[in-house]
Undergrad: 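One structure coming up, written as structure tokens, with questions to follow.
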Amino acid sequence: MGSPITFSGFNSIDFNQILNAVMQQERAPLTRLETQKKTLETQNTAFATLAGKLSSLESSIENLAEDESLALLTASSSDPGVGVSATGGTVTGTYDVLVRRLAVAQVSSSVTTYAAPTDVVATGGKLTLTPSNGDPAVDIDITGSTTLAQLATAINANDASPAAAAVVQTSPGVYRLVLTGKETGTTNAFTVTDTMTGGTGPGLATSRPADDALIEVNSLTVTSASNTVSDVIPGATLSLV
């Protein structure tokens, strides 16, 4: 390997210094570009941070446009039997709530009892469930030998049915078909028409009628088909438990 070449001592001229000065002069534009690059990168990072903060500010402004964002009041209940939550438009005040009755769903059960869920209830005909709210009646068609359990499954398979079905053992070796309304309140009651043939049909009868919730708010009587009441106290939703 050769030795580095240096130039010095010629007429007392230090050529190394001259070369270094020339190289620094030639490198000056590149140095400026590198400095500008670092400056731009720093600015880019700053702009990205600013964009993130502006996005958060925009979201906050949009939230302020909602009525609920101005509901600064909170609601509380002194009784565990009545839950309450505040919403938009809450008004300061104290309300006495007395729960007289909870809303319940209708329950209908079979008059006929069965020794097992596999007992055949029908081989033909249909079971019709008619909602009291004016919705179309729902027919459960029987096209062959159908057990108690299969009948319950057929009822539950129909999304339009106003009731859910279950086979309940009321005592050892005694089973009944039980229909429970999917919604509470008198408007969600239903009637059952049994025209099934070829078996011991259940003969369904109402064991508990549908009923509305009954409450008193500052001595004002209020009824509701649901146990969640949101249109009685301004800006508050009551949960009756």
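The residues of the chain are indexed from 1 along the displayed sequence. Note that the coordinates shown come from a computational prediction; the quantities given were computed from them, not determined experimentally.
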Undergrad: Determine whether Phe190 and Leu179 make a side-chain contact, defined as any pair of heavy atoms from C-beta on separated by less than 4.5 Å.
TA: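 Answer yes - side chains close enough.
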Undergrad: Is there a side-chain contact between Val229 and Thr237 (heavy atoms, below 4.5 Å)?
TA: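 Heavy-atom side-chain distance check fails, nothing below 4.5 Å.
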Undergrad: Rounded to the nearest 0.5 Å, what's the gap from OG1 on Thr45 to CG on Leu50? Could you check?
TA: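 If we round to the nearest 0.5 Å, Thr45:OG1 and Leu50:CG are 12.5 Å apart.
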Undergrad: Hey, are the side chains of Thr123 and Ile142 touching, using non-hydrogen atoms and a 4.5 Å cut-off?
TA: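 No, every pair of side-chain atoms sits at 4.5 Å or beyond.
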Undergrad: With sequence neighbours left out, what residues match Tyr114 under side chain to side chain donor-acceptor pair (under 3.5 Å)?
TA: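 Partners of Tyr114 by the side chain to side chain donor-acceptor pair (under 3.5 Å) criterion come out as none, since no residue qualifies.
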Undergrad: CD1/Ile155 to CG/Leu127 distance, rounded to the nearest 0.5 angstrom?
TA: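 Nearest 0.5 Å value for the CD1-CG distance: 5.5 Å.
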Undergrad: Checking side chain to side chain contact (heavy atoms under 4.5 Å, CB included) against Val192, which of Thr206, Ile140, Leu204 comes through?
TA: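 That would be Leu204.
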Undergrad: Could you list all the side-chain hydrogen bond (donor to acceptor under 3.5 Å, both in side chains) pairs where at least one residue sits in residues 216-226, not counting sequence neighbours?
TA: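 Those involving residues 216-226 are Arg100-Glu216.
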Undergrad: If the condition is side chain to side chain donor-acceptor pair (under 3.5 Å), which residues does Thr186 pass it with, not counting sequence neighbours?
TA: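 So Thr186 forms a side chain to side chain donor-acceptor pair (under 3.5 Å) with Asp212.
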Undergrad: Taking side chain to side chain donor-acceptor pair (under 3.5 Å) as the definition, give me every residue that meets it alongside Asn227, ordered by chain and number, with sequence neighbours left out.
TA: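 Side chain to side chain donor-acceptor pair (under 3.5 Å) check on Asn227 returns nothing, list empty.
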Undergrad: I'd like to know if the side chain of Ser108 pairs up with that of Gln106 as donor and acceptor (distance under 3.5 Å, no hydrogens or angles considered).
TA: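 Yes, because at least one side-chain N or O of Ser108 sits under 3.5 Å from a partner of the opposite role on Gln106.
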Undergrad: Walk me through whether Val107 and Val178 qualify under side-chain contact (heavy atoms from CB on, under 4.5 Å).
TA: CA-CA 7 Å; Val107 177; Val178 178; 3.8 Å; yes
Undergrad: So which pairs with a foot in residues 127-137 pass side-chain hydrogen bond (donor to acceptor under 3.5 Å, both in side chains), sequence neighbours left out?
TA: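 Of all non-adjacent pairs touching residues 127-137, those that pass side-chain hydrogen bond (donor to acceptor under 3.5 Å, both in side chains) are Thr128-Asp139, Asn133-Asp135.
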Undergrad: Can you list everything that forms a side chain to side chain donor-acceptor pair (under 3.5 Å) with Asn158? Sequence neighbours excluded, please.
TA: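 Asn158: no side chain to side chain donor-acceptor pair (under 3.5 Å) contacts found.
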Undergrad: Hydrophobic clusters here meaning ILVMFWY residues chained together by side-chain heavy-atom distances under 4.5 Å, can you tell me if Val99 and Leu214 are in one?
TA: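 They do not share one cluster, since no chain of ILVMFWY contacts under 4.5 Å joins Val99 to Leu214.
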Undergrad: Are Pro117 and Thr147 packed together at the side-chain level, in the sense that at least one heavy-atom pair is separated by less than 4.5 angstrom?
TA: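 The answer is no; the side chains never approach within 4.5 Å.
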